[in-house]
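Read the numbers this way: they start at 1 and go in the same order the structure lists the ligands and their atoms. Bear in mind the structure is a predicted one, so any value in this text is a computation, not a measurement.
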Amino acid sequence: MRAPSPFDLDQPALYARWRAAKLAAQPRRVEELIVDVADPRALTAAERQAMLALCARANMAVYRSPVTVEDKELPRLLGQQLGLHRLDANWLADEDGISSIAVSPEDEDGPKGEFIPYTNKPIRWHTDGYYHPQARRIEGMILHCVRNAGEGGVSGLADHEMIYLALRDANPEWVRALMAGDAMTIPARAGDQGVARPAQSGPVFYLRPDGGLQMRYTARTRSIAWKDDPHTRGAVAFLEQLLGSAQPWIFRLLLQPGMGIVANNVPHERSGFSDDPQQPRLLYRARYLDHVRDARVAAPQEEVTV
Ligand SMILES: [Fe+2]
């Protein structure tokens, strides 16, 4: 049996305590999210602790490093130090499960060009993999900047626990509606060979087995069907208005080369950008079935050569 949770609507006292602690710990400025690290591939104990603490406090941390080389191992090695092990395999990702996000050369016709992450268009608020089935829920992500755009490409980040708090304060029935397993349905997507992806229904907010809160969301209005009842409609309208407004806990930053975001798949957005053709924007994106946690991994065995 699960321990009593502050996210249970029948636990108002627990919620009040959680709410007070959450607000007291809430970062006030984006600078508070930033940890300077010498090399994300090999964090010092203090750097690692600082990032874990931020993820516990705000579900996200931003690192700033001088490492600007093209090294796709970087996000993988960083993730391993923060409890992120199970990379999600994406058919568009490169073979090693980490996606290179850049404007696709075959922008108009190629398979990647259909998907906004591979264009320079703005991306609205979403969590990664919101369309995934329950067995492949994305709970952690890393976004690492190798090169930024000539202009634009600003990231917006919103801690989903603050979104939950605002929603519950406004109307607890909206929370109930968005925790329903049929709140949000992504219709089946047809491919050339028939159905490429079956319809997926799921909640917006759900609890992990460890009691932590996760969110699945998209502000897209096409290719998504919300449950047609007044509370769901009210909640969705509230979320859209909330994320479109200025909130002290909605942070915006421009990732510079060597910087990146580690997060428990918090909702994020990106402004449009224009590339410097000599130095096109390149980000690495790793999506995980794990959330950030302080699980020390066994040190890899030293290879002994004789
Ligand atoms: Fe994303």
Side-chain angles (χ1 to χ4, degrees), residues 30 33 55 58-63 72 74-76 78-79 82 84 86-94 97-104 107 111-133 136-149 152-163 184 186 189 197 200 202 204-205 214-224 239-240 243-244 250-255 259-273 281-292:
V30 70
L33 293 173
C55 287
N59 284 300
M60 63 185 111
V62 177
Y63 59 90
K72 287 186 72 187
L74 185 148
R76 183 199 306 277
L78 173 61
L82 301 169
L84 301 174
R86 291 179 295 162
L87 276 163
D88 181 56
N90 169 353
W91 67 279
L92 284 176
D94 307 312
I98 294 169
S99 307
S100 298
I101 308 285
V103 175
S104 181
D107 198 0
K112 284 187 174 179
E114 296 174 37
F115 297 95
I116 297 174
Y118 301 100
T119 74
N120 59 2
K121 298 186 180 102
I123 307 178
R124 302 186 67 187
W125 288 104
H126 68 283
T127 59
D128 277 7
Y130 61 85
Y131 41 80
H132 280 193
R136 269 180 56 219
R137 282 175 175 168
I138 304 301
E139 299 188 340
M141 58 165 285
I142 294 178
L143 209 51
H144 174 79
C145 176
V146 179
R147 289 188 298 272
N148 54 355
V154 174
S155 297
L157 297 161
D159 178 356
H160 56 265
E161 290 184 350
M162 293 303 293
I163 299 173
M184 178 169 111
I186 315 300
R189 196 159 64 87
R197 183 180 64 204
Q200 300 294 345
V204 172
F205 291 107
Q214 293 277 163
M215 187 175 183
R216 299 165 62 249
Y217 179 68
T218 176
R220 290 187 69 170
T221 49
R222 288 176 54 198
S223 304
I224 177 154
L239 286 187
E240 193 180 345
L243 290 169
I250 294 181
F251 298 114
R252 287 198 169 77
L253 84 162
L254 179 63
L255 290 177
M259 288 177 77
I261 298 163
V262 177
N264 289 330
N265 199 8
V266 296
H268 49 285
E269 64 165 10
R270 185 197 75 197
S271 68
F273 64 87
R281 185 180 192 265
L282 174 63
L283 268 69
Y284 295 142
R285 182 190 62 200
R287 293 168 158 177
Y288 295 92
L289 308 184
D290 303 309
H291 63 279
V292 177

Listing by chain and number, which protein N, O or S atoms are under 2.8 Å from the Fe ion (ligand 1)?
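Hits for the Fe ion (ligand 1) below 2.8 Å: H126 NE2, D128 OD1, H268 NE2.
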Partner residues of R147 under the salt bridge (Lys or Arg N to Asp or Glu O under 4.0 Å) criterion, sequence neighbours left out
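Once residues adjacent in sequence are excluded, the partners of R147 under the salt bridge (Lys or Arg N to Asp or Glu O under 4.0 Å) criterion are E70.
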Taking salt bridge (Lys or Arg N to Asp or Glu O under 4.0 Å) as the test, write out the residues that go with R124, two or more places apart.
E240
Decide side-chain hydrogen bond (donor to acceptor under 3.5 Å, both in side chains) for D128 and N265; before the verdict, give the C-alpha distance in whole Å, the side-chain angles of both, and the deciding distance to 0.1 Å.
CA-CA 6 Å; D128 277 7; N265 199 8; 5.9 Å; no
For F205, enumerate each residue passing the ring-ring contact (aromatic ring centres under 6.0 Å, His included) test, keeping only those at least two apart in sequence or located in another chain.
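F205: ring-ring contact (aromatic ring centres under 6.0 Å, His included) contacts with Y164.
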Between Y288 and P75, which heavy-atom pair has the shortest distance, and what is it?
OH-O, 3.4 Å
Validation row: Y284, S100 side chains within 4.5 angstrom (heavy atoms)
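In contact.
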